[in-house]
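A short worksheet on the structure shown next.
Sequential numbering from 1 along the given sequence is applied to the chain's residues.
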Amino acid sequence: MAAPDELVPFVREALRLGHGRDEIAGTLRRAGWSKEQTEAALAAFADVPFAIPVPRPAPYLSAKEAFWYLVLFTALYLSAVNLGALLFNLIDLALPDPTDSEYAAVAARESIRWAIAILVVAFPLFVFMSRLVGRAVREDPAKRASKVRKWMTSLTLFVAVCILLGDGAALIYHLLSGALTSRFVLKALTVALLAGAVLGYYLRDLRRDDEEL
């Protein structure tokens with residue numbers, strides 16, 4: 001949440017005069033400002049010892065970084081989807097459904113070839129872009145304030161949570177309907193592991209942002 005324009009100068013002046021953050025926050029809350037507005041205004045300044053308040057880097061938009069993150073997250077989505085497709089088809093071949101036709105096995109093998117082909121291209125690209133972006137952030141921590149990075153990360157977390165919710169609902173539905181099979185359980189676990197891994201990785205990344213800011 002962005003801090004209201006009138007709060008930032010007030011907080012800057014209060015910090016400059018030596019008032020503590022807790023004292024400023026309490027004063028603003030008593031004046032009617034919400035907790036979120038108060039925290040956003042205080043977050044605009046780094047909590048470091050200096051004679052005057054030190055502003056934190058503001059979110060910014062860079063065309064080059066937009067390209068980097070779009071490539072990075074596109075490679076991530078392609079890798080996750082096709083790894084899931086590969087595992088799904090391997091499960092189908094390992095635990096065939098007696099009602100499936102012979103064509104189903106042929107289609108599964110064709111899908112496996114496509115999944116492997118896309119993974120061979122997309123996953124190394126994801127690793128390369130992750131290292132490129134990670135090195136850039138380590139060299140210049142201010143790059144953590146990139147708007148594209150924050151939006152793409154938030155979108156990815158949202159998609160991962162939606163997938164986990166849908167996966168859990170599908171599992172419960174099949175359980176209640178009595179149609180739960182070993183093959184379906186393995187596929188549900190595959191989806192949960194992939195979405196959970198993405199969710200855990202980027203949640204940890206967000207926590208690292210909070211710690212460094």
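The hydrophobic clustering, which links ILVMFWY residues whose side-chain heavy atoms are closer than 4.5 Å, places Phe67 and Leu125 together. Under a hydrophobic-cluster definition in which Ile, Leu, Val, Met, Phe, Trp and Tyr are linked whenever side-chain heavy atoms come within less than 4.5 Å, directly or via other members, Leu132 and Phe126 are assigned to the same cluster. Transitive grouping of hydrophobic side chains (ILVMFWY, heavy atoms separated by less than 4.5 Å) keeps Trp114 and Leu194 in distinct clusters. With hydrophobic clusters built from ILVMFWY side chains whose heavy atoms lie under 4.5 angstrom apart, Val127 shares a cluster with Val133. Clustering ILVMFWY residues whenever any of their side-chain heavy atoms sit less than 4.5 angstrom apart, transitively, puts Leu186 in a cluster other than the one holding Leu193.
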request  = Take Phe73 and Leu155, measure what side chain to side chain contact (heavy atoms under 4.5 Å, CB included) needs, and give me the verdict at the end.
outcome  = CA-CA 10 Å; Phe73 282 95; Leu155 176 62; over 6 Å; no

task = With side-chain hydrogen bond (donor to acceptor under 3.5 Å, both in side chains) as the test, would you mind laying out the steps for Tyr202 and Ser154 before giving the verdict?
result = CA-CA 9 Å; Tyr202 285 103; Ser154 297; over 6 Å; no

request  = Let me see the working for Leu175 and Leu171 under side chain to side chain contact (heavy atoms under 4.5 Å, CB included), right down to the final yes or no.
outcome  = CA-CA 6 Å; Leu175 176 63; Leu171 189 63; 5.9 Å; no

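Distance check, rounded to the nearest 0.5 Å: CG of Leu28 to OG1 of Thr38 gives 4.5 Å. For the atom pair NZ (Lys187) and CD1 (Ile91), the distance works out to 7.0 Å, reported to the nearest 0.5 Å. Note that CZ of Arg135 is 10.0 Å distant from CZ of Arg131, once rounded to the nearest 0.5 Å. One distance of note links CD1 of Ile118 with CG of Leu83; it measures 12.0 Å at 0.5 Å rounding. In this structure, CG on Leu199 lies 11.0 Å from CZ on Arg204, to the nearest 0.5 angstrom.
At least one side-chain heavy atom of Leu157 sits less than 4.5 Å from a side-chain heavy atom of Thr153. Contact of the Tyr77 side chain with the Thr156 side chain is registered, since non-hydrogen atoms from C-beta on lie closer than 4.5 Å. Taking the side chain as every heavy atom from C-beta outward, Arg30 and Thr27 approach each other to under 4.5 Å. Side-chain contact check for Arg16 versus Glu13: some heavy-atom pair is nearer than 4.5 Å. Ile112 places a side-chain heavy atom less than 4.5 Å from the side chain of Leu93.
Of all non-hydrogen atoms in Trp68 and Met129, the two that sit nearest each other are O-CE, 3.5 Å. Asn89 approaches Ser111 most closely through the heavy-atom pair ND2-OG, 2.9 Å. Heavy-atom minimum distance, Arg149 versus Asp205: NH2-OD2, 2.7 Å. A pairwise comparison of heavy atoms in Ala122 and Ser79 identifies C-OG, 3.5 Å as the closest pair. For Ser130 against Leu72, the heavy-atom pair with the smallest separation is OG-CD1, 3.3 Å. Considering all non-hydrogen atoms of both residues, Arg21 and Leu15 come closest at CG-CD2, 4.2 Å.
Ion pairing between Arg109 and Asp92 fails under the 4.0 Å rule for side-chain N and carboxylate O.
In terms of modelled atom types and a separation under 3.5 Å, the side chain of Gln37 and the main chain of Ser34 share a donor-acceptor contact. Checking side-chain atoms of Asp167 against main-chain N and O of Ile163 turns up no donor-acceptor pair under 3.5 Å. Between the Arg29 side chain and the Trp33 main chain, a donor and an acceptor come within less than 3.5 Å of each other. Looking at Ser177, its side chain does come within 3.5 Å of a backbone N or O of His174 through a donor-acceptor pair.
For Phe123, the CZ atom counts as loosely surrounded, since its 6.0 Å shell holds 12 or fewer non-hydrogen atoms of other residues, nucleotides or ligands.
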